Every structure is written in C-alpha cells, then in structure tokens.
Amino acid sequence: NGKNQEINILNKMNIFSECEFDHLYSSSPVSVKSGDRFIPARAGSNWSINFHYANENCRSHNQNHRSKDAGADTGKDAAAYSALLRNELLGAGIETVPDPHTDDRRHAVLSQDSHSLFRYTIHAKRVPSDGGNEVSPYSLSPLSNKSHKLLRSPRKPARKISKIPFKVLDAPELQDDFYLNLVDWSAGNLLSVGLGACVYLWSACTSQVTRLCDLSVDGDSVTSVCWNERGSLVAVGTHKGFVQIWDAAGGRKLTSLEGHSARVGALAWNGEQLSSGSRDRVILQRDIRTPPSAERRLQGHRQEVCGLKWSPDHQHLASGGNDNKLLVWNSSSLLPVQQYSDHLAAVKAIAWSPHQHGLLASGGGTADRCLRFWNTLTGQALQSTDTGSQVCNLAWSKHANELVSTHGYSQNQILVWKYPSLTQVAKLTGHSYRVLYLAVSPDGEAIVSGAGDETLRFWNVFSKTRCTKESKSVLNLFTRIR
C-alpha cells in the first residue's frame, strides 16, 4: 500500500512512471546505470497554444482590426530589424531598408550573399572597404559601419489611400444591370454617363453638366457609352441594337450604325475603328470613315458579349461573354486566336496591362469571383485569386504596377491590388449596390465608380501626391451647386 501511494503521488507530479519506480525499488544503487532522468512528455499541456487562444478570444473585433493595422505599420520596422541582424551576425552588408510591400522582397533577401555563422579564415589586416569611412575606434556604438548606414537610410513614407470619396454625384436612373457599360472618362476630362434614355456629359474641370442626346424620342434607351482616344467622339450603344457616333464639342450626331439585332452592351475604340458587342452574340468591327458594308463580323461567343478591350499596341481585341469565355482576336482573322475557359461565370471585367506587353487580366461573375491573369504571348494562365465577390470591372494604373477592381454580390466594394503579389493595397466601401461601372481619369490618378444606388463616387486611388485634407461634396448630376 505504501508503494502504491508513492507511485500515485509521483505520477501526479509527472516525475516517474510506474516501471521506473519498480526499477528503483528492485535494483540496488550500484546496479543502476548512470544516465539522464526520463521526464514524460506533456503533450496534453500545450500552454503556448492555450494562452494564444485565450488572448484571441478575449480580444474584441476592433482590437483585432487595430492589431492588423498595427502589424502593417510595423512591417518596415521588422524589415529594418531583420536587416540589422543579418549585418551584425552574418555580415550581409545591407545598407538600405528593404520595402516589405515590394513584390520581390523575399527574392531579394534570398539573393543576398549567404555567409556561414562560423568560418575558418586566415586573420589578415583589415583594409577599409568604404574608403576609410569605418566607425571610429573611439565610438561607443556596437554597430558596424554598414548598420549605421542602414539606420540612416531614408524611409519611404507609408502610402495612404483615402477611404472617403472626394466627390459624389447623384445619377438618377443609372441602371443596375451587370451587362451594361454606362460610364466612361474622356481624354478631354469629360465624363459621359448613360442615364435611362439620355447621355449626359459632366466636365471635371468646371463641373458643368450638358445633355448630349435623348433617345426617348425613338423609344430607345442607352446601354453603353465609350469615348475615342482623342476624346472628341463618343459612341452610344442602344437597346434596339444601334450604335450612334456623336460629336461631343458640337453636340450633334454624326452617324447611326446598324447591324445588331439586340442591345449593344460593350464598345471599344481602336483608332478610327469601333468594335461593338451585343446580346446577339456578335462582335462588329467597323471603320467610321468607310461605308458600313466594310464591317467585320466576329462570331465566337455563344451568349451575350458584355466586355470588350483593345490592347495598348492596338493589335489584339479581348472579349468576354456570358458564356464564361474570354476570347482574344487579332486584327486580321475572323476567328479567335486564343480562348480561355477557366472562368465559371460571365466575363465582363477585362483589362490589358500598360506595363507588361501581352498581360491580360479578367474577372468572373458571381459564380466565379476570381481575378485571373493571362500571358497572351504564350497563351498560358499565370495566376488567379478569389476575391470573394462578383467582379464587375478592372482597370490598371498608368503609373504603377497596380490595378483596381469593383465588385458586386456580395461585398459591393472597390479593391486596389498590387501586381504580381496580388496583395490588397486598399479596400474602399460606400456603395450600397453593386459597383457595376468604373472609369479612370485621363491623368490616371483618380477613378469614378457607379452603382445601382444611383450615385457616382470619385476616389483618389493612384495619386502620386495627395492632399492632406480631403473634401467631400455631394452634387446633383443635373444641377450645378455653387
């Protein structure tokens, strides 16, 4: 009984197992071999994990959100500390703080010369490698010269994108239809918006609003608008399948093109040529300087064409349809030269990269929710990411390797992405309906978003220099408020 009590006590103390206790009782001290004492594993008592979960459960949602923000803010400090350790322990010789948000940060770290912690070398007289600019032997600092340069290197200020639009316009009768394209921004800084049966022009310079056309006389409505590259002509697609060309400065209609049997939801200019995509599944390509008989008919989609974009080099046209297909056409063939079928929903969001030749981005609808990137030079799929909601529009920045996407079900948000890391730079919210429309300012610094909540919101997203104080004004699209 005394032995059993001692076994129970020692087992509770996690010192000896029963077999060890028997061995201790049955063997003499002389026969016991020397060795380390066995301590049982305490797998069921993972205190670090338990305390971690306890701390997480005690935190509120706001505390977790603040901790994420703080983690993002301290990324630079962590990178500087890591570089400092590499200098002092491994002699890496890093003189500038690496940017934790750059795409190739981890590759840059791996590309540094790796040094062993312990090396056998012949001691030789040290020769100053920096032209005699080494730390003075009388310096009280324990850091090397490289580390001093590292700490003195200039810090790039953290980029901040305002989450508040700097202007809001009311846009009555802006349709909540995923397949339409009713907003476009011209090179002359004029915004064209299709509202019901009318097209309105809003000047970003003077805030003046003019009505360009009214299709209600013909019992028609606007389904798409698109400016030419010079910003002098605007093409208007209609519900009855017509494509009208209007002179914005003169306010007069130049021509009306027929050929489609259903609504025209997508338009794209390529110099003097205009491509139009329709619910009749046909893409018509016409030169406005030639008779309509010279049109090219591109047939490849099995359902409505809802996205059209020409490449920056004017050689390839990308089209997206409700058949979940993304097609690429050249300027000579009547058949698509490439076809991508990875999307699981309608492809309306299409954007060619202005920074990398042949790079094409596309976004899928509600059943897909993915951003996908393609190398059209080789026909290969590059990468993809699930955005969590319907992708309605895509646009690349003109100044940086970034792009902005607008979303519908169910987040109704605007996301700014860094490419190729696909990290989110900013998330903008404010629309209460799907953000179906997107256009970029001619200087490439601001964007305008439109939604079924009948508002247009202007955001400073790609600005190089930002004002410290943003102003918000609510303007009616029809009435200029002074």
Side-chain angles (χ1 to χ4, degrees), residues 61 64-65 68-69 72 101 103 159 161-163 165 176-181 183 266 306-309 318-326 340-356 359-376 380-397 400-440 447-453 455 457 459 461-462:
H61 175 74
N64 287 330
H65 183 71
K68 290 180 181 180
D69 293 341
H101 298 293
D103 307 327
R159 178 182 173 191
I161 297 178
S162 175
K163 296 186 178 181
D176 184 26
D177 193 326
F178 176 79
Y179 299 97
L180 306 186
N181 293 273
V183 178
C306 50
L308 285 177
K309 286 292 171 62
S319 64
N322 197 36
D323 56 358
N324 310 345
K325 298 292 190 297
L326 175 66
Y340 303 104
S341 305
D342 292 8
H343 283 291
L344 304 177
V347 182
K348 177 191 176 185
I350 303 173
W352 292 89
S353 171
H355 311 290
Q356 184 174 341
L359 176 59
L360 177 64
S362 61
T366 307
D368 183 72
R369 308 176 305 179
C370 289
L371 284 181
R372 300 183 184 274
F373 297 85
W374 319 89
N375 184 348
T376 59
Q380 295 178 340
L382 297 178
Q383 56 197 122
S384 66
T385 182
D386 190 342
T387 65
S389 56
Q390 177 188 43
V391 184
C392 301
N393 287 282
L394 282 174
W396 287 87
S397 167
N401 207 10
E402 298 176 347
L403 71 161
V404 59
S405 60
T406 67
H407 299 270
Y409 301 125
S410 59
Q411 303 297 325
N412 303 331
Q413 61 188 358
I414 303 170
L415 299 177
V416 182
W417 306 84
K418 193 171 186 63
Y419 186 83
S421 64
L422 293 184
T423 55
Q424 288 187 22
V425 179
K427 179 172 68 173
L428 309 176
T429 58
H431 286 290
S432 56
Y433 280 70
R434 297 182 295 175
V435 189
L436 298 176
Y437 312 110
L438 174 69
V440 183
I447 64 170
V448 59
S449 59
D453 56 10
T455 62
R457 298 173 184 265
W459 315 81
V461 174
F462 301 126

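Owing to the predicted nature of the structure, the values given are computational and were not obtained by experimental measurement.
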Could you list the residues that satisfy side chain to side chain contact (heavy atoms under 4.5 Å, CB included) with [X], not counting sequence neighbours?
X: Arg434; value: Asp176, Phe178, Gln390, Tyr409, Asn412, Leu436
X: Leu344; value: Asp368
X: Ala367; value: Ala345

So, applying side-chain contact (heavy atoms from CB on, under 4.5 Å) with Arg372, which one of Leu360, Asp342, Val347 is it?
Asp342

Which heavy atom in [X] sits nearest to a heavy atom in [Y], and how many Å separate them?
X: Ser449; Y: His431; value: OG-NE2, 2.8 Å
X: Cys392; Y: Gly408; value: SG-N, 3.6 Å
X: Arg369; Y: Asp386; value: NH2-OD2, 3.2 Å
X: Trp396; Y: Pro354; value: CB-CD, 3.4 Å
X: Ala346; Y: Asn322; value: CB-OD1, 3.3 Å
X: Ser389; Y: Ser410; value: CB-N, 3.4 Å

Taking [X] for its side chain and [Y] for its backbone only, find out whether a donor-acceptor pair lies under 3.5 Å.
X: Thr406; Y: Val435; answer: yes
X: His355; Y: Glu402; answer: no
X: Gln383; Y: Pro420; answer: yes

Can Val440 and Val461 be said to form a side-chain contact (heavy atoms from CB on, under 4.5 Å), step by step?
CA-CA 10 Å; Val440 183; Val461 174; over 6 Å; no

In the structure I gave you, are the side-chain heavy atoms of [X] and [Y] within less than 4.5 Å of one another anywhere?
X: Ile447; Y: Ile414; result: yes
X: Leu428; Y: Gln413; result: no
X: Trp459; Y: Ile161; result: no

Using the ring of each side chain (for Trp, its six-membered ring), is Tyr419 parallel, tilted or perpendicular to Phe373, with breaks at 30° and 60°?
tilted

Value rounded to 0.5 Å, distance of OG in Ser319 from CG in Leu326
7.0 Å

